[in-house]
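A quick note: this is a predicted structure, and the numbers were derived from the prediction, not measured. Naming convention: chains lettered A, B, ... in sequence-line order (proteins, then strands); numbering from 1 in each chain.
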Amino acid sequence: MSDNGQDSNPAGSKGQKRSRVIALKPRERMKIPRHLPDEQDPKERITNFCEVSEGFNIEKALEEATRCLECNDPVCMKACPVNVDIPAFIQLLYQGDYDGAIRKIRESNYLPAICGRVCPQENLCENSCIVGKKLEPLAIGKMERFLADYEAQRGSFTPPPVASSKGQSVAVVGSGPGGLTVAAELAQMGYDVTIFEALHEAGGVLKYGIPEFRLPKQIVDEEVERIKALGVKIETNVIIGRTLTIDELLGEMGFGAVYIGTGAGSPRFLNIPGENLSGVYSASELLTRVNLMKAYKFPEFDTPLKMGKKVVVLGGGDVAMDAVRTSKRLGPEQTLLLYRRSREEMPARLEEVHHAEEEGIEFHFLTSPVAIHGDANGWVKSIECQKMELGEPDEQGRRRPIPVEGSNFTIETDTVVVAIGQSPNPIIQQTTPGLETTKWGTITVDESGATSRPGIFAGGDISRGGATVIQAVADGKQASRSIDAYLTKLRSEGVEESGRETADQRESTGK
Amino acid sequence: MYRIIETQELAPTITRLTVEAPLVAKKRKAGNFVIVRATPTGERIPLTIVDSDPEKGTIVLIVQAIGKTTHIISELRAGYHFEDVVGPLGEPTPVSEFGTVVCIGGGVGTAVIYPIARALKAAGNRVISIVGARNRELIILEDEMAAVSDKLIVTTDDGSYGKKGFVTDALQEIIDVQGKPDAVYAIGPFPMMRAVADVTREPDIRTWVSLNPIMMDGTGMCGACRVSVGGELKFACVDGPEFDAHQVNFDELIARNQTYAGPEQKALETWKNRVETTDCRQL
């Protein structure tokens with residue numbers, strides 16, 4: 001940033017509204033082109049794990065804010081799963097009220113530094129932006145990220161007010177985006193919230209799944225700290241279903257309600273021959289080794305990873321993109337991605353596909369793996385594929401891939417990464433009697449986020465099977481309203497045994 | 001904080017650690033394991049829970065120094081701590097009253113078979129145990145195993161103690177002399193478990209093995225520990241670690257376990273050199 005955060009602030013200090021010197025008419029505002037953040041050069045960035053996008057500096061953020069037409073009917077806000085008041089925060093940004101702008105976002109979304117980076121804005125708010133109907137839409141995500149980063153840079157975060165204690169406690173299982181949101185919402189309402197995390201660090205998929213170059217782990221840690229600032233407690237190394245059960249949380253530990261946000265992290269495999277050869281990884285294993293365990297810093301960090309000379313990644317979603325770009329940074333000579341449909345059907349974010357192409361990933365479309373072949377030592381040697389063609393659209397409207405007879409061919413490779421999707425984590429479903437699940441292993445919830453058992457709520461990928469960070473945030477917000485309603489009812493019924501002794505009890509059982 | 005209360009060297013390279021982990025101690029059943037991390041930059045490795053004391057809130061782990069991480073753990077002493085301990089993981093051992101059960105422990109696998117033998121004995125079985133190792137020095141938990149077994153046979157590859165030969169020789173002798181046992185539990189190196197499976201396959205003796213493939217999270221989220229059991233894909237961390245020995249594809253498992261052999265060797269050498277050249281006050 002050219003700005004040092006103090007005197008050079010072109011919009012003046014907080015509260016001093018920027019006069020509309022450039023009170024441009026809508027037509028003039030629309031002449032301003034969309035601003036793009038600086039990005040690390042592709043040749044450079046494939047040699048490191050630093051963030052690709054450098055984000056907006058203060059000038060770009062302010063100029064981008066100028067482009068907003070302040071529509072009477074802000075469709076961008078409706079398109080946001082958590083209905084962030086986008087025109088209001090952009091107006092505050094425009095006025096130079098950076099604290100006011102980030103507070104405005106945080107009223108609806110407690111994770112702006114994260115969502116500003118990983119939300120698929122091009123399908124949500126930015127897709128509905130009126131400016132975008134004729135020209136390029138506003139860079140809403142980049143402005144959100146700027147406000148979050150600028151606040152962190154200035155150290156100006158102050159926790160929002162927390163309501164007086166309601167004397168009831170809530171257990172949140174999983175510290176991913178959904179769990180963090182539920183915790184933040186309920187803590188602000190005055191509930192005593194404890195998050196239980198299975199891994200040794202908080203953040204869930206934000207830590208183990210999404211790579212450093214898209215979402216630096218320090219950003220996640222900072223968001224977690226802001227949630228702790230609300231009084232939320234986080235217990236790592238506790239696996240609900242193993243270390244403690246849901247029924248223990250609701251019973252002897254005295255929690256009034258439980259939110260399950262354990263996500264979908266269980267890797268799916270293709271069930272083709274050779275999938276268990278050495279050198280075949282699930283995307284989950286590759287990404288967890290690199291992101292959470294820092295295998296890219298081996299041997300400074302102890303977790304190893306063995307990348308060969310030629311890596312083939314299978315899949316076309318965001319996880320496949322993360323896996324293939326992570327692989328590229330580990331230094332193979334060639335990095336390929338095979339997808340069984342065409343580029344148009346790929347579910348991955350366009351921005352990430354574009355980044356991957358810039359980084360020299362070779363895409364092979366309409367290509368489906370049939371078998372993986374190994375050498376005498378049980379290592380991957382090659383992958384046998386089949387060409388596909390597109391047939392009729394399926395239930396989701398995507399054209400179905402159909403194998404082309406006699407089109408088999410072989411690609412020599414020594415490393416294969418399977419990135420064809422994840423299933424819900426199964427442990428809680430297996431260890432919680434009476435908790436209804438679907439045939440896909442997801443937990444059944446109603447619109448309010450309530451499960452089949454009173455006091456137990458769920459959301460995010462554990463109930464959806466595989467969605468986005470922002471959807472988990474939206475589910476978390478819905479569930480926190482439902483949990484509040486549930487606990488309020490309990491209070492009014494005078495069933496107050498729940499929250500009272502929990503603190504002491506947990507002390508005595510704590511680590 | 002997972003404080004270490006006590007350590008004891010059971011044999012050269014094999015160390016027993018008593019660790020504070022109250023929640024794990026309370027829940028643990030025979031066959032469960034924990035994932036531990038020794039240092040802030042450490043890797044996550046699985047270790048079987050050998051014993052636990054719910055009252056004191058402690059668990060017992062036994063580790064053999066093979067790679068860098070296990071070397072570091074072996075050097076931990078009372079008052080030190082693990083960075084992380086999480087569990088109990090895995091499905092507990094299926095324990096019921098079978099009749100006569102043979103429990104086989106090979107090398108440090110004896111640490112894993114011990115709690116299972118004890119549980120089987122407590123369930124009313126007649127327990128015959130076979131404990132084997134390369135030589136006398138590497139035989140561990142002999143007294144403990146004797147205490148939970150109706151009969152204990154010790155074998156060493158070099159004949160320096162007990163019967164000379166492999167655990168499979170002793171097992172074969174039991175089958176030949178006393179007849180088929182009702183069940184066999186075998187835990188040790190993969191080749192040993194494969195050999196036991198080969199001995200019991202033909203006489204059709206129900207046989208369990210406990211697998212310790214490469215693992216990371218221990219909750220079914222990475223797939224590193226996947227094994228083929230009866231042609232089906234299983235995750236040892238959540239579906240196991242114990243499986244029907246006759247259904248396990250050991251060849252595949254042995255090959256997969258070599259995945260990180262290269263980097264692991266490098267890590268160990270780097271670490272050992274560091275120790276030799278570092279001032280003792282910094283250790």
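Options A:Leu286, A:Leu292, A:Val418, A:Ile239 differ in how many heavy-atom pairs under 4.5 Å they form with chain B, and the most are formed by A:Ile239.
Using modelled atom types and a 3.5 Å distance limit, the side chains of B:Arg256 and A:Asn276 yield no donor-acceptor pair.
Every residue two or more places apart in sequence or in another chain was checked for a side chain to side chain donor-acceptor pair (under 3.5 Å) with A:Thr288, and none qualifies. By the ring-ring contact (aromatic ring centres under 6.0 Å, His included) test, A:Tyr208 pairs with no residue at all, sequence neighbours left out. Listed by chain and residue number, nothing satisfies the side chain to side chain donor-acceptor pair (under 3.5 Å) test with A:Glu275 (two or more places apart in sequence, or in another chain).
Around CD of A:Gln430, the count of heavy atoms belonging to other residues, nucleotides or ligands within 6.0 Å exceeds 12. No more than 12 heavy-atom neighbours from other residues, nucleotides or ligands sit within 6.0 angstrom of NZ on B:Lys29.
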Practice prompt. Could you give me the CA-CA distance, side-chain angles and deciding distance for A:His200 and B:Ile35, then say whether side chain to side chain contact (heavy atoms under 4.5 Å, CB included) is met?
Written response: CA-CA 10 Å; A:His200 56 270; B:Ile35 295 264; over 6 Å; no
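With a 4.5 angstrom heavy-atom cutoff, B:Ile214 touches chain A only via side-chain atoms. In this structure, the portions of A:Leu305 lying under 4.5 Å from any heavy atom of chain B include both its backbone and its side chain. Contacts of A:Leu287 with chain B are absent, with no heavy-atom separation under 4.5 Å from either backbone or side chain. The part of A:Glu300 that comes within reach of chain B is its backbone (N, CA, C, O), which places non-hydrogen atoms under 4.5 angstrom from that chain. In this structure, chain B has a heavy atom under 4.5 Å from the side chain of A:Ile427, while its backbone stays farther away. Using a 4.5 Å cut-off between heavy atoms, B:Ser228 touches chain A through backbone and side chain atoms alike.
Within the 4.5 Å cutoff, the side chain of B:Leu23 has heavy atoms near those of the A:Leu244 side chain. With a 4.5 Å cut-off on side-chain heavy atoms, A:Asn377 and B:Gln258 do not count as touching.
Shortest non-hydrogen contact noted between B:Arg226 and A:Val280 is NH2-O, 2.9 Å. Nearest approach of B:Ala267 to A:Phe298, heavy atoms of both residues: CB-CZ, 3.7 Å. Shown here for A:Gly378 and B:Ala255, the closest heavy-atom pair between the two residues is CA-CB, 4.3 Å. Between B:Glu43 and A:Pro304, the closest heavy-atom pair is OE1-CD, 3.8 Å. Taking all atoms of both residues into account, the shortest heavy-atom contact from B:Gly90 to A:Arg242 is N-NE, 3.9 Å.
Here A:Glu248 contributes atom CD and B:Lys26 contributes atom NZ; the two are 5.5 Å apart, rounded to the nearest 0.5 Å. Distance check: B:Glu264 CD to A:Thr303 OG1 gives 10.0 Å after rounding to the nearest 0.5 Å. Considering CG of A:Asp302 and OG1 of B:Thr39, their distance stands at 5.5 Å, rounded to 0.5 Å.
For the side chain to side chain contact (heavy atoms under 4.5 Å, CB included) criterion with B:Cys222, the lone passing option out of A:Glu285, A:Arg289, A:Met293 is A:Glu285. Of the candidates B:Val24, B:Val85, B:Asp84, A:Asn237 forms a side chain to side chain contact (heavy atoms under 4.5 Å, CB included) with just one, namely B:Asp84.
Proximity of a side-chain donor or acceptor of A:Lys306 to a complementary backbone N or O of B:Tyr260 within less than 3.5 Å is not detected. A:Ser266 places no side-chain N or O within donor-acceptor distance of the main-chain N or O of B:Met221, the cut-off being under 3.5 Å. No side-chain donor-acceptor contact under 3.5 Å links B:Thr259 to the backbone of A:Ser278.
Note on A:Glu201 versus B:Arg37: no salt bridge recorded, every NZ/NE/NH1/NH2 to OD/OE distance being 4.0 Å or above.
For residues 229-249 of chain B, a heavy-atom distance under 4.5 Å to chain A picks out B:Leu233, B:Phe235, B:Val238, given by residue number.
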